[in-house]
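Worksheet: the structure to be examined is printed underneath.
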Amino acid sequence: GEEIGVTLHHPHGQIYGYPYIPQRTRQHLASVARHPDLFADVVAAESGGPRVVAANDHWTAFVPAFARWPYEIHLYPLAPVPDIPSLNDDFRDAFGPVYLEALRRLDGLFSTPETPVSMPYIAAVTFGFWIMPTSIAAGSVGGRNRSTGVPGASAVGSLPMILRKF
């Protein structure tokens with residue numbers, strides 16, 4: 001929405017592809033190569049802990065111990081799966097209530113009925129979602145797009161300064 005400078009005034013999503021493996025994704029791949037159960041261990045350690053925002057028998061949403069964004073929630077299934085198609089019906093049905101509770105909690109922080117969020121989908125290394133409220137003002141220069149910032153790539157929604165003169 002307008003909060004991040006887009007001009008389309010309807011709900012929509014965007015998919016980004018890169019011709020390279022972004023830095024954070026490379027770091028995740030290297031970490032998992034060293035510790036294959038890394039994300040399962042993180043989910044097990046966070047489940048039921050003090051940073052849990054919402055949970056049920058199939059999903060947990062928590063604030064990561066070392067969040068990169070001022071407001072960040074990670075949402076993971078409690079069983080290791082590589083991607084959305086691998087989820088069975090029980091996991092698919094149980095996703096909505098945890099996701100909506102996480103969004104409701106963010107709405108409460110900002111006293112808004114529908115806080116705009118960016119929700120990157122993390123797959124292949126592990127599977128899960130990251131939820132971050134958008135905070136880039138419309139028309140801002142040099143704001144980082146959350147969907148590219150999460151994997152460690154960056155996109156600038158404006159022309160380089162030198163080209164603005166033309």
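Keep in mind that what you see is a predicted model, and the values were worked out from it rather than measured.
Closest non-hydrogen pair, Val98 versus Ala55, comes out as CG2-C, 3.8 Å. Closest of all the heavy-atom pairs between Pro97 and Ala94 is CD-O, 3.4 Å. Taking every heavy atom of both residues into account, Glu101 and Ala54 meet most closely at CG-CB, 3.5 Å. Across all non-hydrogen atoms, the minimal contact from Glu46 to Val63 is OE1-O, 4.4 Å. Pairing each heavy atom of Leu78 with each of Asn56, the nearest pair is CD1-O, 3.5 Å. Taking all atoms of both residues into account, the shortest heavy-atom contact from Leu87 to Arg92 is O-NE, 3.0 Å.
Atom CG of Asp107 sits about 12.0 Å away from atom CZ of Arg105, to the nearest 0.5 Å. Annotation: the span from Thr60 atom OG1 to Arg51 atom CZ amounts to 11.0 Å, rounded to 0.5 Å. The OH atom of Tyr99 sits 10.0 Å away from the CD1 atom of Ile73 when rounded to the nearest 0.5 Å.
Between Tyr76 and His74, the angle of the ring planes goes over 60°, which puts this pair in the perpendicular group of the 30/60° scheme.
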Take Trp59 and Leu75 through the side-chain contact (heavy atoms from CB on, under 4.5 Å) test and state the conclusion after the steps. CA-CA 7 Å; Trp59 293 88; Leu75 177 56; 4.1 Å; yes

Give the intermediate values and the outcome of side-chain contact (heavy atoms from CB on, under 4.5 Å) for residues Phe62 and Val53. CA-CA 5 Å; Phe62 59 91; Val53 174; 5.6 Å; no

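Proximity of Pro64 to Glu72: side-chain heavy atoms (C-beta onward) are separated by under 4.5 Å at one or more points. Contact check for Val81 versus Phe91: no side-chain heavy atoms found under the 4.5 Å cut-off.
Between the side chains of His35 and Asp41, at least one donor-acceptor pair of N or O atoms lies under 3.5 Å.
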